[in-house]
Amino acid sequence: MSYLYLVVIIWAAMVTPTRTESEQLSSLTQELLNSAREPQFFEWLKRVRRRVHEYPELAFEEFNTSELIRSELDSLGIEYRWPVAKTGIVASVGSGVEPWFGLRADMDALPIQELVEWEHKSKHKGKMHACGHDVHTTMLLGAAKLLQYRRHKLKGTVKLVFQPAEEGYGGAYHMLKEGGFHKFQGIFGLHISPAMPTGEIGSRPGPILAAAGRFIAIIKGKGGHAALPQHTRDPVVAVSSAILALQQIISRETDPLVARVISLGFIETGQALNVIPETVRFGGTLRSMTTEGFIYLQQRIKEIIETQAVVHRCSATIDFMEEKMRPYPAVVNDEVLYEHVKRVGESLLGEPNVHLVPMAMGAEDFSFYSEKMAAAFFSIGTKNETIEAVNRLHSPYLVIDEDVLPIGAALHAAVAISYLDNNAVETQ
Ligand SMILES: *[C@@H]1O[C@H](CO)[C@@H](O)[C@H](O)[C@H]1NC(C)=O
Ligand SMILES: *[C@@H]1O[C@H](CO)[C@@H](O)[C@H](O)[C@H]1NC(C)=O
Ligand SMILES: [Zn+2]
Ligand SMILES: [Zn+2]
């Protein structure tokens with residue numbers, strides 16, 4: 001009897017904590033969501049988001065947005081480091097002890113004229129928060145507030161990262177370069193998705209977004225009269241061969257089960273119909289689901305353009321724009337952190353509302369964090385047909401269902417708090 005009794009006790013001891021753990025998680029997530037949905041809290045979130053939305057600022061120019069964030073952090077009594085990468089902010093909630101866990105939002109808008117007619121339409125002509133970074137910023141401020149209320153209970157430190165210049169200029173790279181991230185054990189990022197209804201989130205373990213970069217090539221020949229081609233070296237023919245050859249990298253050199261893209265977006269040369277021009281400029285984008293694949297594409301693009309130029313007695317230069325528009329590595333989700341966020345999301349939103357989504361060829365500079373630490377990147381739905389929140393990202397007609405704000409704030413906070421709970425350094 002006593003042996004069996006002991007086995008039962010041990011079994012109960014092993015099983016009970018997991019049940020309590022999931023009950024604890026559920027009470028945490030529901031408490032956070034309820035707080036964020038309280039009318040006063042929700043109204044504050046909407047006010048912040050609308051203010052950020054009305055005054056969009058482009059990459060590395062987010063001075064007023066950054067100031068607005070700092071003034072909210074000041075009123076919450078949260079300390080921060082600033083400026084990091086010109087306009088960026090790294091705020092801290094908690095005691096400063098490890099583990100450190102990061103939550104990230106981006107602040108920049110796009111050079112797009114907003115075409116949605118509403119009370120809080122962009123007041124800056126030709127600029128718009130058409131990628132939802134106003135929402136990201138607000139959700140993270142919401143998380144800051146939720147975390148600050150609970151700061152004495154945190155088993156470590158949450159770092160709130162507000163970064164500039166996600167759209168093409170690698171703000172994340174510059175944040176990391178300025179340092180202060182070496183103690184981060186993990187980082188979590190959210191991006192709105194107008195393809196998914198409000199109240200749902202999605203992601204996948206491993207690679208999720210592509211490594212992406214750009215190139216501009218110039219093929220130089222010798223111009224002349226179109227009637228006398230023998231006195232010229234025609235760069236138009238060279239560029240034609242080069243472009244067809246580039247498209248064969250994907251069809252002939254790439255595993256058909258591996259995703260890669262090369263697309264050319266522009267060709268620019270002379271205007272006269274009877275003149276062979278001296279040079280042709282052309283360029284495009286290259287993408288791959290792996291950073292290695294991306295490097296391979298870069299090498300082959302360079303070889304093919306240079307060699308095709310030589311075939312046609314021309315010369316070529318290729319610029320991958322690594323300084324100004326630094327290529328983005330692939331976003332790769334850490335499997336353990338992905339599982340953690342998935343579990344927290346299921347607890348917050350219900351299991352059927354957390355989706356496994358396919359990989360996509362889009363790119364995000366969150367990848368720079370994912371190269372340096374455990375990282376998880378999730379999409380959060382903002383689609384709502386009732387209010388016509390259905391248009392895609394980067395559309396001048398993008399409308400957001402603001403019900404996402406408390407959900408995103410609670411998710412951010414819950415992911416961080418439970419991460420610290422699970423990874424707290426034991427002290428006696
Ligand atoms: C930033 O704020 C200042 C002071 O309120 C204002 O004069 C300026 O126009 C704002 N700039 C932008 C780009 O919003
Ligand atoms: C869509 O918006 C309407 C109006 O604000 C709201 O009543 C409804 O709950 C929203 N639907 C979802 C799925 O959030
Ligand atoms: Zn974007
Ligand atoms: Zn974006």
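First listed ligand is number 1; within each ligand, the first listed atom is number 1. Atoms considered below: every heavy atom in the structure, side chains included; atoms not considered: hydrogens, waters and symmetry mates. Computed from a prediction, not measured in an experiment: that's the story for all the values here.
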Inset, instruction - May I ask you to decide if Ile262's main-chain N or O and Gln247's side chain share a donor-acceptor pair within less than 3.5 Å? - result: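 Here the side-chain-to-backbone pair exists.
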Legend entry - Backbone N/O of Asp108 and side chain of Glu167: donor-acceptor pair under 3.5 Å: no
Any ion pair linking [Y] and [X] (charged N to carboxylate O, less than 4.0 Å)?
X	Y	result
Glu346	Arg343	no
Glu114	Lys121	no
Glu61	Lys86	no
Arg70	Glu67	no

Inset, instruction - Give a yes or no on whether Glu167 keeps an N, O or S atom under 2.8 Å from the Zn ion (ligand 3). - result: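 So Glu167 does bind the Zn ion (ligand 3) by this criterion.
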Legend entry - the Zn ion (ligand 3) to nearest N/O/S of Cys131 below 2.8 Å: yes
Inset, instruction - Taking atom types as modelled, find out whether Tyr80 and Asp74 have a side-chain donor-acceptor pair closer than 3.5 angstrom. - result: yes
Legend entry - Atom indices of ligand 2 within 4.0 angstrom of Asp401 heavy atoms, with elements: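 Heavy-atom distances to Asp401 below 4.0 Å select 14 (O).
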Legend entry - ligand 2 atoms in contact with Asn384 (distance to a heavy atom under 4.0 Å):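 Near Asn384, the atoms of ligand 2 are 1 (C), 2 (O), 3 (C), 8 (C), 10 (C), 11 (N), 12 (C), 14 (O).
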Inset, instruction - Going by the side chain to side chain donor-acceptor pair (under 3.5 Å) test, name the single residue among His53, Arg50, Arg51 that passes it with Asp134. - result: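 Exactly one candidate clears the test, His53.
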Inset, instruction - Compile the protein residues with any heavy atom at a distance under 4.0 Å from an atom of ligand 1; present them by chain, then by number. - result: Glu57, Asn64, His124
